[in-house]
Asker: 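What follows is a structure written as structure tokens; I'll ask about it next.
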Amino acid sequence: MSTEKSVWRKAFEWHEERLPLFSFLDHSVGSKYPAPKNLNYFWNFGSLAGFMLVVMILTGVFLAMNYAAHKDMAFDSVERIMRDVNFGWLIRYMHANGASFFFIVVYIHIARGLYYGSYKAPREVLWWMGILIFLAMMATAFMGYVLPWGPMSFWGATVITNLFSAIPVIGDPIVTFLWGGFSVDNPTLNRFFALHYLLPFVIVGLVIFHIWALHIPGSNNPLGIEAAPADKIPFHPYYTVKDAFGLGVFLLFYFAVVFWVPNMMGHPDNYIPANPMVTPPHIVPEWYFLPFYAILRAIPDKLLGVIAMFGSILILFVVPWLDTSRVRSATFRPIFRFFLVIFIINVAVLGWCGAQLPEGLPLYLGRVSTFYYFFFFLVLMPVIGWMETPKPLPASISSPVLKAAE
Amino acid sequence: MANTAPVHHAGDGETRRDFLLHSTIAFGAVGGAMAVWPLIHSMNPAADTLALSTTEFSLANLQEGQAITVVWRGKPVFVRYRTPAEIEAAQKVPLNELVDPQKDEDRVKKGEEKYLILVGVCTHLGCIPLGSKPMDPRGDFGGWFCPCHGSHYDTSGRIRKGPAPANLTVPPYQFLNDTTVRIG
Ligand code: HEM
Ligand code: FES
């Protein structure tokens with residue numbers, strides 16, 4: 001074999017010299033990105049989230065080719081997608097359930113960050129970008145759910161936009177502005193579609209910043225200590241293969257739902273056209289909003305309820321400073337870990353409360369859980385950080401393994 | 001060349017160049033804001049939406065104790081022909097028992113007390129309270145009940161219990177003759 005470069009290789013290098021596209025990708029998520037060697041499967045969820053974003057954009061673009069953003073046509077156009085458009089049912093079920101799975105993945109991704117202290121210095125801006133992505137996702141999913149124009153769509157849109165009416169003085173003009181009228185109506189549907197199409201691409205932009213910020217310090221790891229160069233391995237092929245395996249497992253779950261129980265996480269009511277004159281007796285948001293909805297309803301005052309609900313998400317921005325401990329991983333902080341696990345269970349309890357009628361036990365429980373939610377961030381995080389003596393940290397990622405081998 | 005370098009005047013802090021830079025930025029910002037305003041304002045209600053702002057309807061077929069719902073600006077408006085008992089109940093409530101104190105007589109037209117006309121949108125988060133159809137629950141105070149988060153309104157449409165902060169709104173309306181009303 002000759003050592004002459006093939007013509008393809010030459011063409012490739014010619015192109016790379018002019019636009020180093022491949023080198024850029026290789027440095028971002030390829031063989032030139034060194035990652036700690038001890039990452040566990042919780043580190044799989046970032047790439048899964050990226051994968052779901054691509055799935056949502058792809059299925060969304062094809063849905064949009066058959067969807068009509070008009071109040072007299074929206075519902076029927078979605079039914080037509082389900083019945084007449086070739087594979088329309090598949091594309092729509094992938095999109096509707098894709099939103100749920102996107103949130104599952106992102107919630108696990110956020111919980112991972114909380115557990116291993118990935119929000120701490122020097123990753124605060126990386127963490128902020130993540131919260132911005134989360135906020136943009138919520139806005140996107142909320143507006144997407146309005147598009148099929150069923151009763152849950154319509155009244156969900158009404159209740160959520162009305163949250164802004166709690167703001168003193170400018171609240172009502174803001175709501176009229178959001179609606180483009182005096183109630184949720186055709187102008188509202190139209191703009192929600194435009195924004196629902198736009199925001200996912202804004203998310204793509206935020207994801208680029210998120211990855212950029214990730215590459216400055218590099219990935220955190222389950223031990224939360226700095227990874228020495230000797231303790232790093234190239235992202236490709238080690239983590240591309242590992243992530244691909246995780247993706248396969250994830251797809252089993254995702255498509256099991258898409259094919260066998262595609263309406264499990266939806267509301268049957270939404271298969272009726274919306275009627276602006278009748279509110280269904282029990283309106284609930286999509287499951288991924290329930291914990292925040294429970295916080296809204298736990299507080300008997302309208303304005304304070306709205307403040308608490310938005311506050312419960314915005315508080316994530318200051319978590320890097322609320323946590324006063326310099327040790328990142330909860331593995332070495334047993335007391336913190338105990339309260340963090342309770343916090344995660346507590347969010348699930350809030351979710352359950354959000355789905356119930358706000359009276360009796362669910363209302364009472366919702367109040368206790370709302371209290372714990374804020375108590376954890378505002379009191380437990382700073383106080384445990386001061387008081388707790390963490391377990392001794394290993395000198396390097398390899399050292400515990402090497403010691404065990406001696 | 002030395003004579004093109006910015007000349008710093010000792011003491012006054014700001015050079016001519018800084019001044020030009022700052023005023024350019026300020027003009028740019030004002031111009032940018034003016035350019036953005038049409039975009040923002042395009043999202044406010046359009047002329048045709050505003051044109052739908054009035055609705056007329058007839059009370060001729062409404063019987064005592066009945067209620068109808070008419071559509072005004074895409075929202076339901078409740079019209080209830082109140083019974084004497086309902087009117088009396090509404091007038092008797094002491095104002096200090098009310099969350100949003102307002103007299104019944106301020107919520108109806110003089111001489112037409114039997115007709116209660118309200119925007120049928122819960123002042124909490126915008127659901128439509130039940131109570132206009134014969135079989136609907138009317139809540140603990142005989143008026144309307146909002147199923148979304150449990151607000152109770154009385155026979156004057158005033159909030160009595162639950163998370164809603166204010167009474168059901170009375171829309172601007174006038175009697176064109178004995179049986180025709182124009183809202184808006
Ligand atoms: C972050 C990414 C996205 C999320 C989380 C998301 C979420 C949603 C949700 C929850 C629905 C309602 C599903 C239902 O119950 O029917 C929906 C519907 C829809 N989405 Fe998206 N979406 C995303 C991206 C996109 C994109 C990029 C487009 C278009 C280019 C799009 C187009 C549509 C259309 C046309 C519908 C209405 C049809 C239907 O209801 O199935 N989506 N979206
Ligand atoms: S919208 Fe009526 S009680 Fe909340």
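Each chain gets a letter, A, B and so on, in the order the sequences are listed, and its residues count up from 1.
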Asker: Could you tell me which non-hydrogen atom of B/Pro45 sits nearest to which non-hydrogen atom of A/Gly181, and how far apart they are?
Answerer: CG-N, 3.7 Å
Asker: Counting only heavy atoms from other residues, nucleotides and ligands, does the tally under 6.0 Å from CZ of A/Phe209 exceed 12?
Answerer: no
Asker: Check each atom of B/Pro165 against the heavy atoms of chain A and say whether the ones under 4.5 Å are side chain, backbone, both or neither.
Answerer: side chain
Asker: Give, as side chain, backbone, both or neither, the part of A/Leu363 having an atom under 4.5 angstrom from any heavy atom of chain B.
Answerer: neither
Asker: Tell me whether B/Asn177 at atom CG has more than 12 heavy atoms from other residues, nucleotides or ligands lying less than 6.0 Å away.
Answerer: yes
Asker: Is the number of heavy atoms from other residues, nucleotides or ligands under 6.0 Å of A/Phe164 CZ greater than 12?
Answerer: no
Asker: Hey, does the side chain of A/Arg191 reach the backbone of B/Met43 with a donor-acceptor pair shorter than 3.5 angstrom?
Answerer: yes
Asker: Taking everything shown except B/Phe175 itself, do over 12 heavy atoms lie less than 6.0 Å from its CZ?
Answerer: yes
Asker: Shortest non-hydrogen contact from B/Lys75 to A/Met277?
Answerer: C-CE, 3.8 Å
Asker: If you count every heavy atom of other residues, nucleotides or ligands that lies below 6.0 Å from B/Met34 atom CE, does the total exceed 12?
Answerer: no
Asker: Could you pull out the closest heavy-atom pair between B/Gly74 and A/Ser183, with the gap in Å?
Answerer: O-OG, 3.4 Å
Asker: Would one find more than 12 heavy atoms of other residues, nucleotides or ligands at under 6.0 Å from atom CG of B/Asn61?
Answerer: no
Asker: Can any side-chain N or O of A/Lys302 pair as donor or acceptor with the backbone N or O of B/Pro163 at less than 3.5 Å?
Answerer: no
Asker: Where is the tightest heavy-atom contact between A/Phe182 and B/Leu50, given as atom of each residue plus distance?
Answerer: CZ-CD2, 3.5 Å
Asker: Checking A/Ile283 against chain B: side chain, backbone, both or neither under 4.5 Å from a heavy atom?
Answerer: side chain
Asker: By number, which residues in residues 117-141 of chain B have some heavy atom less than 4.5 Å away from chain A?
Answerer: B/Thr123, B/His124, B/Leu125, B/Gly126, B/Cys127, B/Ile128
